[in-house]
Amino acid sequence: MWFLFLLAIGFLDSLLDAYVLSRLWAWFVVPQFHATTMPMAVAFGCLSALSILRKQYVLKVAHEQEAGKEAAAIQIVQSLVLTLLAWSWGAVAHFYF
């Protein structure tokens with residue numbers, strides 16, 4: 001049950017990453033290079049491909065250890081916080097500079 005919860009949170013984190021990437025792309029790349037916008041589905045696909053290429057696995061849960069569950073939860077929270085910080089700093093740069 002714990003694994004399914006972490007899997008769902010990891011998927012939601014991936015969706016948030018895709019949304020933030022599409023927003024940052026629209027704010028910075030589109031005006032500068034006159035590129036087209038990046039839909040969230042395309043951003044999700046790009047991030048998934050990069051994740052596979054870089055061999056980063058968010059869920060590293062130890063099989064029977066409580067510390068493994070806590071470590072996986074901490075890793076997901078850190079990923080969420082870093083994504084929200086990137087989005088926040090991108091919004092500040094976009095709207096105020």
Side-chain angles (χ1 to χ4, degrees):
M1 188 66 168
W2 180 255
F3 175 75
L4 293 177
F5 175 73
L6 289 178
L7 189 63
I9 296 296
F11 181 72
L12 292 175
D13 178 47
S14 297
L15 288 177
L16 178 64
D17 289 346
Y19 176 76
V20 170
L21 176 62
S22 68
R23 295 307 313 148
L24 292 174
W25 184 274
W27 289 343
F28 299 109
V29 176
V30 170
Q32 185 69 28
F33 299 108
H34 307 290
T36 59
T37 59
M38 180 185 295
M40 195 170 143
V42 173
F44 185 80
C46 290
L47 290 172
S48 297
L50 288 174
S51 174
I52 291 170
L53 291 174
R54 294 179 65 199
K55 298 199 184 293
Q56 287 185 346
Y57 301 105
V58 173
L59 299 175
K60 295 180 180 177
V61 179
H63 293 295
E64 297 175 359
Q65 296 177 356
E66 190 65 25
K69 293 178 183 177
E70 291 175 8
I74 289 171
Q75 191 175 13
I76 289 173
V77 169
Q78 287 175 342
S79 176
L80 286 169
V81 169
L82 289 174
T83 300
L84 292 174
L85 280 174
W87 187 19
S88 300
W89 282 112
V92 167
H94 174 71
F95 290 116
Y96 298 108
F97 293 107

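If you're wondering where the values come from, they're calculated on a predicted model, not measured in any experiment.
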Are Met40 and Leu15 packed together at the side-chain level, in the sense that at least one heavy-atom pair is separated by less than 4.5 angstrom?
yes
Any chain of hydrophobic side-chain contacts (each under 4.5 Å) joining [X] to [Y]?
X: Val30; Y: Leu21; result: yes
X: Leu24; Y: Phe44; result: yes
X: Met38; Y: Val20; result: no

Is Leu82 isolated, or which residues cluster with it under the ILVMFWY side-chain rule of less than 4.5 Å, directly or via members?
none
Where at least one partner belongs to residues 19-36, residue pairs that pass side-chain hydrogen bond (donor to acceptor under 3.5 Å, both in side chains), sequence neighbours excluded:
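Sorted result for residues 19-36: empty, none.
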Result block: side-chain N/O donor-acceptor pairs under 3.5 angstrom for residues 84-97, not counting sequence neighbours:
residue: Ser88; atom: OG; partner: Leu84; partner atom: O; Å: 2.8

To the nearest 0.5 Å, what is the distance between CD1 on Ile9 and OG on Ser79?
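The CD1 atom of Ile9 sits 11.5 Å away from the OG atom of Ser79.
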With Thr83 via side chain to side chain donor-acceptor pair (under 3.5 Å) - residues at least two apart:
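Partners of Thr83 by the side chain to side chain donor-acceptor pair (under 3.5 Å) criterion, ordered by chain and then number, come out as Asp17.
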Nearest heavy-atom pair of Ala26 and Pro31: which atoms, and what distance?
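Shortest heavy-atom contact: O-CD, 3.4 Å.
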Does a sphere of radius 6.0 Å around CZ in Phe28 hold more than 12 heavy atoms from other residues, nucleotides or ligands, not counting ones at 6.0 Å or beyond?
yes
